[in-house]
Amino acid sequence: MATIAAICLGLLALSAMEQLFAVVVFLKYCRKPAESLAGEEPAVMVVLPVRGADETLAECVSALVGQDYKNFRVRIILDSHTDPGWKIVDSVLELHPEAPIELLQLGTPRSTCSLKCSAVYEATEDVDDVDIVAFVDSDIVPHTTWLRELVAPLADEKIGVTHGNRWYLPTEYTWGSLVRYCWNAVAIVSMHIWQMPWGGTIAIKRRVLEETDIRQRWLRAGCEDVPLGVIVRQLKLKSKFVPSLILKDRESVSLPRCLPFIDRQLLWARLYHPACWWMNNVWQMLVTGALIGAASCAVFGLVAGGLSVAAMGLLALLVYGGFAIVLLRQVERAIVPNEVGPVAQSPLRTLLAVALTQVVMVRVIFVSLLTRRVHWRGIDYEVRGPWDLEMVEYRPYESPVAVEPTAGLTSVSSSV
C-alpha cells in the first residue's frame, strides 16, 4: 500500500507541476499588450447563425449595430421563418433601418451536417467583396470595440484565424455551474495551447475559405470551429487567441443540464482534434486514478493503522487540491479582476467541485468515445465519424416558453 501511495503522490505532484506550467504560459500570454488596428479598416462580414430565442439575442443584434467599426456588414441566418428568434431580430432591425444587416432564411437544412454548419456554409457563399469573415453566437453581447479587437491581429500575415473564449461566472453556485466552471477553466488554457478556436467569437481571413476545403468540410461536420484550427495550419498560418475577447457567462445550470453540453464539446474535440483529445484525456484518466488511489490509501491507512500510508494519501490529495484552488484563483483574478468568483467566495465548495469534476470527466470521456447520437437544439444527429454525420429529422425550432431578452454574456475587459 505504501508503494501505491507513493506512486499516487508522485503522479499528482507531476500533474500539479504540469498545470502550473500551463497556467503560467497562459497568464503570460494574456498580459501581453492588446493589438490595435492601424491603417485602413478591412472589409468584414459578420455572420450570426440563430436557432431559438436566446435570452441575449436582442442585445447581441443591438450590440452589432453599435460596433465601433465602419467597414462591415452583418448577415443573420435562421433555418426557419417560424423560429421565435425571427421576431426578436426583426423587432431590433425595425429600430435600426439603416444598419448594414440582412436577415435570411436558410435555403437548405442539409442532412449531412449540423444546422449551424449549414448556416455558416450558406452565409459564406458570396464573400468576394470582404477581406474577413467573422462569426458570433447569439448568446453573447459584443462590446463596442469587439470587432476591432477581433480583426486587428489579422494584419499579421502569419495569422489566419482569431478568436475569443468563454468564462463562466455563475450567479448561483449549483453543482452543475461549478463543474462547468472547473471544466472550462482547464479547457480555456488547453484551447490556447493547442490553438483550438472558439466559434462564439471568431474571425477568418477570406483566403482560408478560398484556399482550403473548410467550406466543403462544413457540409459533413458537426461543428464549425474546431476543424478550423487544424485546417488553417495547412496554409502554414496560426490561430490567435485574443484575451480581451473572453466573454463572461453568468448562467447557472443544474448538473443534468451541464453534462450534455460538456459531452458535446469533448465529442467535437475527439472527432476534429484527436491529438489534443487523446493527450489530455489519457492524462486525465491517470490523474483521476491517482486521486482514487490516494483517497483509498488514506482511508485504508486510517482504518488499518498504517499512519505513514494514510499520511502519504492525504498529502497527495492536499497537494493536488491545493494547487487546483490556487491556480483557479490566479486565472480567475487575471480574467475577471473586478469580480468575486466561486474560488474567492466559496473555496471549500469549489474544492469539492474540483473533485466532482474529476469524477464527471471520467464519465464524459467514455461518453464521448461511445456517443453515436447527439441532441442539439431540438435536433438529433447520428454521428458515425468526423465527416459522416446525418440529421435524423429536421424540425423548426419550437420554444416551450416565451423568452424575454435579458443580460447574459458580457465581454471582459482586456486588463489582464
Side-chain angles (χ1 to χ4, degrees), residues 35-54 56-81 83-107 116-155 161-164 199-210 215 218 224-225 242 244-245 247 405 408-411:
E35 298 179 50
S36 58
L37 184 62
E40 187 177 347
E41 293 179 345
V44 181
M45 182 174 73
V46 178
V47 176
L48 171 58
V50 176
R51 180 171 166 85
D54 284 315
T56 55
L57 177 57
E59 286 182 280
C60 176
V61 178
S62 297
L64 291 176
V65 172
Q67 287 297 298
D68 180 21
Y69 199 94
K70 296 179 180 178
N71 195 10
F72 83 107
R73 58 190 173 94
V74 180
R75 181 169 287 171
I76 303 175
I77 184 165
L78 297 92
D79 59 88
S80 169
H81 191 76
D83 192 293
W86 192 288
K87 289 184 179 180
I88 293 176
V89 174
D90 213 22
S91 65
V92 175
L93 297 187
E94 286 179 4
L95 300 175
H96 305 279
E98 303 302 320
I101 298 179
E102 56 181 326
L103 178 58
L104 304 175
Q105 181 174 342
L106 183 64
K116 190 175 184 183
C117 285
S118 279
V120 298
Y121 175 83
E122 284 198 11
T124 55
E125 282 181 329
D126 54 336
V127 294
D128 294 340
D129 60 337
V130 299
D131 304 299
I132 295 167
V133 177
F135 299 132
V136 61
D137 281 350
S138 60
D139 60 353
I140 78 165
V141 181
H143 54 283
T144 306
T145 57
W146 169 83
L147 187 54
R148 183 172 294 277
E149 293 167 23
L150 187 61
V151 167
L154 291 172
V161 171
T162 58
H163 64 95
T201 284
I202 194 168
I204 311 166
K205 282 180 176 173
R206 189 183 69 196
R207 62 170 292 203
V208 174
L209 299 176
E210 294 175 338
R215 293 188 69 249
W218 282 337
E224 85 292 0
D225 51 1
V242 184
S244 64
L245 298 178
L247 305 165
L409 274 169
T410 53
S411 63

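This is a predicted model, so every value here is computed, not measured. Quick note: residue numbers are just sequence positions, from 1.
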- Exceeds 12 heavy-atom contacts within 6.0 angstrom, atom CD of Glu125: yes
- Rounded to the nearest 0.5 Å, what separation is found between the NZ atom of Lys116 and the CG atom of Leu106? 14.0 Å
- Is it true that Asp129 and Arg73 make a salt bridge, defined as a side-chain N closer than 4.0 Å to a carboxylate O? yes
- Taking all non-hydrogen atoms of both residues, which atom of Val46 and which atom of Trp146 are closest, and how far apart? CG1-CH2, 4.1 Å
- Main-chain N/O of Leu48 paired with Arg75 side-chain donor or acceptor, under 3.5 Å: no
- Query: Do Gln105 and Ile77 come close enough that some side-chain heavy atom pair is under 4.5 Å?
  - Reply: no
- Query: Side-chain contact, heavy-atom cut-off 4.5 Å: Pro142 with Leu64?
  - Reply: yes
- Item | Qualifying residue for side-chain contact (heavy atoms from CB on, under 4.5 Å) with Ile76, from Val61, Val47, Leu104 | Val61
- Rounding to 0.5 Å, atoms OG1 (Thr201) and CG (Leu247) come to a distance of 4.5 Å
- Between Gln67 and Thr145, what is the shortest heavy-atom contact and its length? OE1-C, 4.1 Å
- Minimum-distance pair of heavy atoms, taken over all atoms of Ala152 and Ser36: CB-C, 3.9 Å
- Message: For Leu209, is there any backbone N or O sitting under 3.5 Å from a side-chain donor or acceptor partner on Thr124?
- Response: no
- Indicate the atoms forming the closest heavy-atom contact of Gly85 with Leu78, along with that distance. C-CD2, 3.8 Å
- Query: Do Asn71 and Val44 have side-chain heavy atoms sitting under 4.5 Å apart?
  - Reply: no
- Query: Do Pro153 and Val242 have side chains that get closer than 4.5 Å, going by heavy atoms?
  - Reply: yes
- Report yes if some heavy atom in the side chain of Leu37 is under 4.5 Å from a heavy atom in the side chain of Pro42; otherwise report no. yes
- Message: Distance check, rounded to the nearest 0.5 Å: Ile132 atom CD1 versus Arg206 atom CZ?
- Response: 10.5 Å
- Query: Closest heavy-atom contact between Thr56 and Ile140?
  - Reply: OG1-N, 3.8 Å
- Measure the spacing between CH2 of Trp218 and CG of Asp225 and express it to the nearest 0.5 Å. 10.0 Å
- Value rounded to 0.5 Å, distance of CG in Asp137 from CD1 in Ile202: 10.0 Å
- Query: Is Lys205 reaching over with its side chain to a backbone N or O of Leu154, donor-acceptor style, under 3.5 angstrom?
  - Reply: yes
- Is a salt bridge present between Arg51 and Asp79, judged by a nitrogen-to-oxygen distance below 4.0 Å? yes
- Query: Any side-chain heavy atom of Thr162 sitting closer than 4.5 Å to one from Val151?
  - Reply: no
- Message: Less than 3.5 Å apart, any donor N or O on the side chain of Asp68 or Thr144 sitting next to an acceptor on the other?
- Response: no
- Give a yes or no on whether a salt bridge exists between Glu41 and Lys70, defined as a side-chain N under 4.0 angstrom from a carboxylate O. no
- Criterion side chain to side chain contact (heavy atoms under 4.5 Å, CB included) on Glu35 and Glu149, from CA distance to verdict: CA-CA 7 Å; Glu35 298 179 50; Glu149 293 167 23; over 6 Å; no
- What pair of heavy atoms forms the shortest contact from Ala53 to Asp83, and how long is it? N-OD1, 4.4 Å
- Item | Interatomic spacing from CH2 in Trp86 to CD1 in Ile88 - rounded to 0.5 Å | 13.5 Å
